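First up is the structure itself, then whatever we jot down about it.
Here is the naming used below: chain letters follow the sequence lines, and residue numbers restart at 1 for every chain. Everything quoted here is computed from the prediction, not taken from an experiment.
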Amino acid sequence: MLFSHALIPTSKEAPADATNASHVLLSRAGFIRRVGAGIYDFLPLGYRVLRKVQTIVREEMDRAGALEVLMPALLPAEYFKETGRWDLYGDVLLRLRDRKGGDYHLGPTHEEIVTDIARREIKSWRDLPKTLYQVQVKFRDEPRPRGGLLRGREFVMKDAYSFDADEKGAAESYERMRQAYVRIFDRLGLTYRMVQADSGAIGGSTSAEFQVLVGSGEDAIVACDDCDYAANVEAAEPASAAPPTTQPAGKPERVATPTQRTIDEVAAFLAIDKARTLKALLYVAKDGPRAKEVVMAVVRGDHALNEFALARALKTSEVLPATDADVERETKAKPGFAGPVGFDAARLFVDRDAAAVEGGVAGANETGFHLKDVWYARDFGGEVLSVRQVVAGDRCPRSGGKLESYKGIEAGHIFILGTKYSQPMGATFIDEKQQTRTLVMGCYGIGVSRLVATTIEQHHDDNGMRWPMSVAPYHVHLVTLGKDDALVAAARTLYDALEAAGVEVLWDDRDERPGVKFKDADLIGIPLRITLGAKGLAAGQVELKPRTEPDPKKAELIPLASAADVIAARVRAAMAVPAALARPSV
RNA sequence: CGGGGCGUAGCGCAGCCUGGUAGCGCACUCGGUUCGGGACCGAGGAGUCGGAGGUUCAAAUCCUCUCGCCCCGACCA
């Protein structure tokens, strides 16, 4: 492609609203343009990258035996009404009416639609297993789109769905998809972790997230430095201390703490370590069997409560902090003085580490007072479980290694769904014994357009993007300096030879000053840059510099005559699918 | 939805407080010089000042309503 024929509108300035590196660079390099909130055009370079990501995803899905289909994005409401998601999905669902007043929506995900295919077309155990997938535009009316392609209202997703006869088959399908995902993420050149996730709202037993490790990521994850274990902090189970086996006789001592409400204040006032204090937090279950009940969670003062863990314990979708009025009613004290002693044990949830505190300090449930020398069992009861958040430095629950913390962007998520959709929608088959059974499902998503942005978040520097060869918009960026006939002819020969060898070349043939061309080349981030100038031509040489080499003086000089062969070999080497690296498994 | 903030040329912004001439940088067009890391000189084109209503002799500027957007939180690929 000749730069002069392309549409690559680069600029020095980014839109004011762009805060993420990927958003800034995609805009500046002319890959995308904003059309509305969370809605983007893909300009030619951006679309080339998107298509390359799609191609890798498709190749690996196909290799894993999945079958590509295309379901509609415009959907009649009846399918989501069948499973209740028409109501449950809430405002995130983009709804619309047709001219006859019928309810429709744009698809945010396709469990119902694919299950409808399955219940109509999969009749027999002989049809199983089947995995269907599609690469399609999804629509979600996000509360807050942000970060350019990182979170849009319209985005490209690969969604796959497996159908099996039983749990065992579903586990096998899940494993095949897991391996396909590992290959995909490896081929994309990403550093990532497969982490244990909270499957919460979507339901299902087994689930894993593919988290791309980036400092700017929104998700907090922990990973063991010694074994495979990695988990979203929402899902991570800390390795906790065992409760003490013996306790002294006696009872807590009431101490006046007139103005000390927070853990920090109390610990400082009493000159004790925060780890010796007990933090009592009141929450209300949003729904489920214990909906609206006010419960107390107790964690060690230096720990944070994991609200997801508490929600799991209460079998609710979400827990909400109690209001000050609730706190005062339940503890007979102003906020800041709540404690477990005397609290209804049936509504008390005590973290393992809090239960292990020997002679701790807790709120007295009396405004202005705390209790010293508080022991679990002797002084208060309640269910002991893990409800605190994991922190870096915790021991790994599996190997005992040390947990490190990372930030990540969720780029893929795989689930075993069980019969959550097949059961209510009546997706059944006839087994070998002529029994009617319900299909067991799994679902597997990859944010394809998000991956474009995520790749940049992980691969960029101050000057621009640094694409991995596998998804770069072009393999090679040929920069010619000057317009004289001999130079152009030499460049043309090289260009043709590279193209003939299957190398994708962007040739900057513009009548621009060298500085402009180099700046644009760095911004666009094509992995290999070839420079051909008058001096080089006279010496019969071209310069070859990888985008990852920051020092322009370190370009490699290659004889013009063999340049096409050398460069084509480099490109092929970089495109080779890396040997399957041992990846952490959940 | 809660809390902040912004809508003025394609992009980034000033002007608004204290009403009266719509401006700067980048980009764009033309001419010239320049040419290995975002050049310089000269000339030019381009704006319903988000929209509606009001106050006023006069509104980008003051008032009311409204639409859109962004940032920080709770959710997701």
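- Taking atom C1' in both B:rG38 and B:rA27, one finds a spacing of 12 Å when rounded to whole Å.
- For a distance-only test at 3.5 Å, the side chain of A:D219 qualifies as a donor-acceptor partner of the base of B:rC76.
- Comparing B:rG42 with B:rC24, their P atoms sit 14 Å apart, to the nearest whole Å.
- A donor-acceptor contact closer than 3.5 angstrom is absent between the side chains of A:R58 and A:T55.
- Comparing the P positions of B:rU56 and B:rA74 gives a spacing of 50 Å, expressed to the nearest Å.
- At whole-Å resolution of the value, CG in A:L320 and P in B:rA74 are 13 Å apart.
- Remark: the separation of the P atoms in B:rC30 and B:rG45 is 15 Å, to the nearest Å.
- The nearest heavy atom of RNA chain B to A:A18 and to A:R510 marks one nucleotide each, and the one closer to the 5' end goes with A:R510.
- Donor-acceptor pairing under 3.5 Å, judged by distance alone, is present between the side chain of A:R151 and the base of B:rC75.
- Rounded to a whole angstrom, the distance from the C1' atom of B:rG15 to that of B:rU61 is 9 Å.
- One can place CZ of A:F139 at 17 Å from P of B:rA77, the figure rounded to the nearest angstrom.
- Within the structure, ring-ring contact (aromatic ring centres under 6.0 Å, His included) contacts touching residues 471-494 of chain A (residues at least two apart or in different chains) do not occur.
- Closest-nucleotide positions on RNA chain B for A:L150 and A:R144 were compared, and the one nearer the 5' end corresponds to A:R144.
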B/S/- along nucleotides 7-16 of chain B (protein heavy atoms under 4.0 Å) is ----BSS---
Starting at the 5' end of nucleotides 27-37 of chain B, put B wherever the base has a protein heavy atom under 4.0 Å, S where only the sugar-phosphate does, and a dash everywhere else. -------BBBB
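- The nearest whole Å value for the distance from the CG atom in A:D141 to the P atom in B:rC75 is 17 Å.
- Distance check on atom C1': B:rU8 versus B:rA59 gives 14 Å, rounded to whole Å.
- Taking the six-membered ring where the residue is Trp, A:F185 and A:Y192 present tilted rings, their angle falling between 30° and 60°.
- Separating the CE atom of A:M157 from the C1' atom of B:rC76 is a distance of 10 Å, rounded to the nearest angstrom.
- The distance from atom CD1 of A:I113 to atom OH of A:Y421, rounded to the nearest 0.5 Å, is 11.5 Å.
- Atom CE in A:M177 sits roughly 17 Å away from atom P in B:rA77 (whole-Å rounding).
- For A:E142 and B:rA74, the CD to P distance is 14 Å, given to the nearest whole Å.
- Using a 4.0 Å heavy-atom distance criterion, A:R33 is classed as making no nucleic acid contact.
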Report, one line per pair, each donor and acceptor closer than 3.5 Å where one atom sits in a side chain of residues 214-221 of chain A; sequence neighbours left out.
| unit_1 | atom_1 | unit_2 | atom_2 | d |
| --- | --- | --- | --- | --- |
| A:S216 | OG | A:E457 | OE1 | 2.8 |
| A:E218 | OE1 | A:R151 | NH2 | 3.0 |
| A:E218 | OE2 | A:R146 | NH1 | 3.2 |
| A:D219 | OD2 | A:Q211 | NE2 | 3.0 |

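- Between A:F163 and A:I117 the shortest side-chain heavy-atom distance does not fall below 4.5 Å.
- Only the P atoms considered, B:rC26 is 35 Å distant from B:rC63, to the nearest whole Å.
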Could you write out each protein N or O paired with an N or O of nucleotides 40-43 of chain B at a distance under 3.5 Å?
none

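- Rounded to an integer number of Å, the gap from A:L190 CG to B:rA77 P is 18 Å.
- Applying the side chain to side chain contact (heavy atoms under 4.5 Å, CB included) test to A:A490 and every residue at least two apart in sequence or in another chain returns A:L532, A:L537, A:L560.
- Using a 4.0 Å heavy-atom cutoff across all strands shown, A:D520 reaches at least one base atom of the nucleic acid.
- Atom CZ of A:R146 is separated from atom C1' of B:rG4 by 15 Å (rounded to the nearest Å).
- A side-chain donor from one of A:Y133 and A:D62 sits under 3.5 Å from a side-chain acceptor of the other.
- Looking at heavy-atom distances under 4.0 Å, A:G152 makes contact with a base.
- Separating the C1' atom of B:rU29 from that of B:rG10 is a span of 14 Å, rounded to the nearest Å.
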